[in-house]
Protein chains: 2
Amino acid sequence: MIAQRPNKRATISDVAKLAGVSISTVSRVVNETAPVADETVQQVRHAIETLDYTPHAAARTLAGRRTGTIGLLLPEISGAFYAPMLRGIEAGALEAGFDLLIHASSAVLQERGNGSLPLAEHNVDGLLVFTDRLTDSEISRLYRRGFPLVLLHRTPPAGLDIPCVTFENKAGTRRLIEHLIIAHGCRRIGFLAGPDGNEDSYWRELGYREALAAHGIPLDPSLRSVGAFDEEQAEAAVAAWLRQGIELDAVFGGDDEGATGAIQALQRAGRRVPQDVAVAGFDDVPFARLMTPPLTTVRAPIEMAGQQAASQLITLIQGGESDSSTLLPTELVIRRSCGCA
Amino acid sequence: MIAQRPNKRATISDVAKLAGVSISTVSRVVNETAPVADETVQQVRHAIETLDYTPHAAARTLAGRRTGTIGLLLPEISGAFYAPMLRGIEAGALEAGFDLLIHASSAVLQERGNGSLPLAEHNVDGLLVFTDRLTDSEISRLYRRGFPLVLLHRTPPAGLDIPCVTFENKAGTRRLIEHLIIAHGCRRIGFLAGPDGNEDSYWRELGYREALAAHGIPLDPSLRSVGAFDEEQAEAAVAAWLRQGIELDAVFGGDDEGATGAIQALQRAGRRVPQDVAVAGFDDVPFARLMTPPLTTVRAPIEMAGQQAASQLITLIQGGESDSSTLLPTELVIRRSCGCA
DNA sequence: GGGCTTTCTGAAAGCGCTTTCAGTATAGCA
DNA sequence: TGCTATACTGAAAGCGCTTTCAGAAAGCCC
């Protein structure tokens with residue numbers, strides 16, 4: 001059994017005492033905020049070394065009113081989507097010398113008695129928000145306080161001028177669906193929506209409708225279901241279509257996870273992909289090209305979105321100005337799941 | 001363009017003033033640490049409301065010397081492994097009313113000039129360490145200070161009594177390899193190791209060797225390569241084997257990602273899995289059962305490991321005792337990639 | 001040599017909170 | 001009635017740091 005034996009940490013005054021200087025001087029050599037005589041620097045460094053001193057972050061924050069850290073709020077880490085996003089965000093943060101703190105939690109956000117967000121406005125200088133969980137009112141509360149905020153893949157509540165970074169969902173989906181229609185003659189294309197209220201999904205659906213409309217294909221409501229950007233739910237949704245005998249010549253999975261689920265359901269029901277039913281996704285996660293068949297999808301610059309969001313946030317924190325909205329282009333990636341050779 | 005207009009936040013004294021009480025009283029109603037008259041509570045609550053007051057975390061930490069938060073240090077979030085792990089950790093933390101802060105970064109850890117870890121010992125009460133990046137010396141520094149620490153999937157540096165949570169890697173791998181040998185008659189089984197220095201991989205390799213030895217199969221060094229628990233690297237490693245004309249009747253991928261890469265390489269080279277070459281992984285990530293062919297693997301209780309680690313850490317933080325080492329059982333999961341129908 | 005920067009240093013005032021400590025007022029009890 | 005618990009409240013002392021502010025020492029100019 002292991003127990004914890006608390007152990008006093010050295011403070012700045014311990015260091016000052018040992019080095020025979022004042023705490024101001026120690027602070028100066030630690031932060032390099034003012035010239036200090038070489039000899040003094042040596043002494044202080046030595047004292048720091050021997051005491052194994054590290055500044056206490058909370059004290060620093062309190063006195064200096066900044067943390068050097070940005071926070072990321074996200075629903076739940078899973079799925080291939082997050083790796084590139086985090087890479088991008090981290091790159092953006094690092095570039096400016098900021099740390100990244102992630103708060104991944106679905107449940108927590110609401111149920112805190114005191115109603116305060118975990119890392120919001122506390123341990124971080126600014127917040128990257130990528131979750132539908134944070135309500136509009138929470139967001140506007142933070143906004144009204146002047147807390148630096150950047151939204152990832154969602155637009156701000158009406159009237160609030162909060163920067164946001166999103167993909168060109170509509171046009172990307174439209175191009176994809178049109179490919180299905182034109183190149184493969186699909187007419188009955190199933191649409192799997194994302195989670196309720198998801199904005200990306202909203203725009204993708206608009207793109208889907210536009211594509212149909214542009215080619216004179218009537219919208220069939222029975223061809224819409226919810227896949228929730230989740231493999232299992234998507235699989236279930238497609239299985240339900242199949243059970244109901246709904247005819248399909250293609251399925252748009254909503255995203256790549258949804259497409260994966262769709263393929264599972266189709267194959268399980270004995271339909272061949274793409275010979276019997278074409279399938280396409282959105283995002284182009286790393287796995288997409290490795291699937292059997294390789295997935296036709298829309299490439300979204302996930303990593304770049306993260307990067308941009310982070311650097312916009314940091315600009316904001318540092319008192320600069322930021323574009324109110326960034327729309328990143330997407331690109332059609334044709335592989336085999338749509339029927340192309 | 002959006003600029004940030006900083007905005008004074010209300011402090012505890014603002015609230016006290018508005019409510020006509022002292023700050024001690026405000027603190028008491030916020031924290032419920034002592035009885036306060038009903039009427040006073042009302043006034044304070046009202047003042048908090050109108051001022052939209054939230055306590056300043058850093059100040060709180062500084063004064064109260066605890067953060068109510070545990071930190072998780074990990075190399076880079078990607079791969080299917082993390083979702084269940086994080087779910088588990090979060091569950092463990094939530095249960096005890098702690099927040100979870102994640103610091104995901106490969107690069108950062110070393111290169112910080114001041115040598116201090118980001119969230120270590122600062123914004124958190126304790127640390128869950130899941131990365132090979134944190135050197136032994138860093139770990140023992142933290143340990144010597146009495147900073148609560150729990151290691152995930154790695155054992156502590158020699159002599160340090162730090163709790164750790166690991167899987168039963170050796171026995172699990174041995175069972176898996178023996179299945180390949182006994183049920184499928186495999187004799188030439190490729191072994192893809194994890195990243196350099198990875199402990200899980202070390203034990204798995206021992207299990208692999210034991211299995212071979214137990215069945216009188218000589219160890220062939222050319223059958224060992226590094227897949228680094230990474231799909232691409234594993235694919236490259238297997239491709240190299242194939243190019244060199246090395247004979248194989250099975251490949252153990254090191255983990256499920258490695259197995260995925262192995263399958264890619266094999267299929268790309270025209271070998272059928274499992275007819276020509278059997279493939280197996282380790283972890284049983286969600287995706288494993290959905291692959292073609294479904295992956296034979298060893299199920300590791302990833303989520304439970306996270307849970308346990310978190311609650312052990314919290315026990316430690318709260319001054320309790322903790323087991324020094326937890327070894328979680330693994331289970332063989334037979335699907336089709338090994339050749340079983 | 002006097003006045004002027006320039007370089008370096010320490011004292012001290014907070015940052016916003018928690019937590020004794022020392023009450024005052026009221027209730028309970030003999 | 002007097003004495004002691006009990007409920008409630010405020011003053012004040014930090015927590016460990018950053019940051020003026022002011023001063024001492026040293027170098028520069030005329």
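Quick note: numbers below take in every heavy atom, side chains included, and nothing from hydrogens, waters or symmetry partners.
Side-chain contact of B:Thr155 with B:Glu199: a donor-acceptor pair under 3.5 Å is present, judged by distance alone. The closest side-chain donor-acceptor pair between A:Glu321 and A:Thr315, if any, does not fall under 3.5 angstrom. No hydrogens or angles considered: nothing links the side chains of A:Asp161 and A:Ser324 as a donor-acceptor pair under 3.5 Å.
Listed for the A:Asp14 side chain is a donor-acceptor partner under 3.5 Å among the backbone atoms of A:Thr11.
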Heavy atoms under 4.0 Å is the rule here; annotate nucleotides 13-21 of chain C 5' to 3' with B where the base is hit, S where only the sugar-phosphate is, and - elsewhere.
-BBBBBBB-
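As rounded to whole Å, 14 Å separates atom P of D:dC8 from atom CD of B:Glu32.
Within the 4.0 Å cut-off from OP1 or OP2 of C:dG10, at least one side-chain nitrogen or oxygen of A:Thr25 is found.
Using the six-membered ring where Trp is involved, A:His153 and A:Phe130 have ring planes that are perpendicular, over 60° apart on the 30 and 60° scheme.
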